[in-house]
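The structure appears right after this line, and notes come after that.
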Number of protein chains: 2
Amino acid sequence: MRKGIETRERILEIAEAAVLAKGFGATSIDELIAEAGITKSGFFYHFKDKNELARGLLARYSARNNLLLAGVFGRANELTEDPLQRLLIGLNLFAEHMAAIPEGHPGCLVATMSYQDRLFNREIRELVTETVKGWNGFFRGMIEDILAIYTPREAIDPDRLARTICCSIDGGIIMSKALGQPGVLPEQMLMARNYVKMLFHPVTVHAVQIEEVEAA
Amino acid sequence: MRKGIETRERILEIAEAAVLAKGFGATSIDELIAEAGITKSGFFYHFKDKNELARGLLARYSARNNLLLAGVFGRANELTEDPLQRLLIGLNLFAEHMAAIPEGHPGCLVATMSYQDRLFNREIRELVTETVKGWNGFFRGMIEDILAIYTPREAIDPDRLARTICCSIDGGIIMSKALGQPGVLPEQMLMARNYVKMLFHPVTVHAVQIEEVEAA
DNA sequence: CCGAAAACCGTACTGGAGGTACTGTAAACC
DNA sequence: GGTTTACAGTACCTCCAGTACGGTTTTCGG
């Protein structure tokens, strides 16, 4: 029945915002059901315990994130055949997407769950690890495509560079939150982009020129 | 009286580990006093409420961190007069220091508190912001010293680059935690180092050669 | 050594939260 | 129209944050 998954989705939506603002342990079920307009019975109908809620949150977040990644870099793939340009354009689009969020990025669920790993069972923790590995693998794949054609200024490990991109995002989110400046996240994503660019562009080319090439 | 601050320090030590493992909201006072071997009265003698505990944790963490920064980059300053080399050597020492922690970095208190900011009052949140600003300012100062002598490949904002270094650290900590690989943090710190190096070294120089120059 | 402050201990309470357990029931679907 | 879905209602238990307040030991300054 459709009403069921609708309520479930509403709970997850409310829970995600609460978890990102206060942490998982400090998020009470009572608070969630109050905002969702249901009773405790309703909550436990959808999630047998809090760990199941965490699993649902993570699955939802991961799916949404993968969709965003696929959208952004899929779009980049439409615009160019060059694997290097694909990554550079994708990171630009990604950064623009983050800059467009009015209140700034609400936070990375994987990051906050990594900082509260003792609250979860092994299954959830492994899910967190697999999620991050998935992101790294996504970027690593693109970097390997680049390395098949381009020779970098210095020898690089694609895994390492993929992690650098992920670090700039999660680190950027934290800095944005800590400083209260939403602009830091897109800014740092562009720094990671610039890192990639410097590694593969033998000659220094200004960003304006790059943009013209990308637009072509 | 000395015994007082000793107990207080023990509480903070235990609380820090707990907060970094489970989050602030999920850390119970009962658990802290059990491990510290005191009663609830003793706890509330030192901290009138949980917010005061947070303040103590943050102050302690910040002071310890500043000491580490001063030590590492002070040492780098002894080894060279060149501001660029100072930053590069300092980041190397910093990364080595992080790699030397057996279980890996336990976590950044500022990061976890940023992800639970609704649990704290405005004073604590401003303290978090000021702490991060302090780190950024520390790195920005060194970058400005470099810019006074060196011309980078591309125009850079020292503030932005300083944030990149901070992002690589906090992002690296998260990746290390999420992946269960302590080595990711020092690895990513060296990636940030390499970023700085590429920005200021017009000619590509291999890391081995750089190390020889630094050792001289 | 003594008085006073510091550094706790003991106990008792309130309110809220996680979670369990069951019964009941309106609505949807087949 | 019967079964399943999707909840509501009620009651209960345990654990935790926080308050209150009186009592006790330890430490240090004089």
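Every chain is numbered from 1 and lettered A, B, ... according to where its sequence line falls, protein lines coming before strand lines.
- B:Arg75 pairs by the salt bridge (Lys or Arg N to Asp or Glu O under 4.0 Å) definition with B:Glu78, not counting sequence neighbours.
- Following rounding to the nearest Å, B:Arg10 (CZ) and C:dC8 (P) show an atom-to-atom distance of 8 Å.
- By the side chain to side chain donor-acceptor pair (under 3.5 Å) test, B:Glu35 is found to be paired with no residue, residues two or more places apart in sequence or in another chain being considered.
- Ion pairing of B:Lys133 with B:Glu126 is absent here, as no side-chain N (NZ or NE/NH1/NH2) approaches a carboxylate O to less than 4.0 Å.
- Across the protein-nucleic acid pair, A:Tyr45 atom OH and C:dT20 atom P stand 17 Å apart, rounded to whole Å.
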Heavy-atom contacts, protein to nucleotides 10-19 of chain C, under 4.0 Å, summarised as B (base), S (sugar-phosphate only) or - (none) per nt, yield BB-----SBB
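- Using cut-offs of 30° and 60° on the angle between ring planes, the pair A:Tyr195 and B:Tyr195 is tilted.
- No side-chain heavy atom of A:Glu9 sits less than 4.5 Å from a side-chain heavy atom of A:Glu13.
- As rounded to whole Å, 17 Å separates atom P of D:dC15 from atom CG of B:Leu32.
- Taking only side-chain nitrogens and oxygens, B:His46 comes nearer than 4.0 Å to OP1 or OP2 of C:dC8.
- Salt-bridge formation is detected for the pair B:Arg140/B:Asp159: a Lys NZ or Arg NE/NH1/NH2 atom is positioned less than 4.0 Å from an Asp or Glu carboxylate oxygen.
- To the nearest angstrom, P of D:dC15 lies 18 Å from CG of A:Leu119.
- For the pair B:Phe24 CZ and D:dG18 C1', the interatomic distance rounds to 13 Å; values are reported in whole Å.
- Here the P atom of nucleotide D:dT27 and the CD atom of B:Glu6 are 10 Å apart, to the nearest Å.
- Between the CD1 atom of B:Ile33 and the C1' atom of C:dA7 there is a distance of 15 Å, given to the nearest Å.
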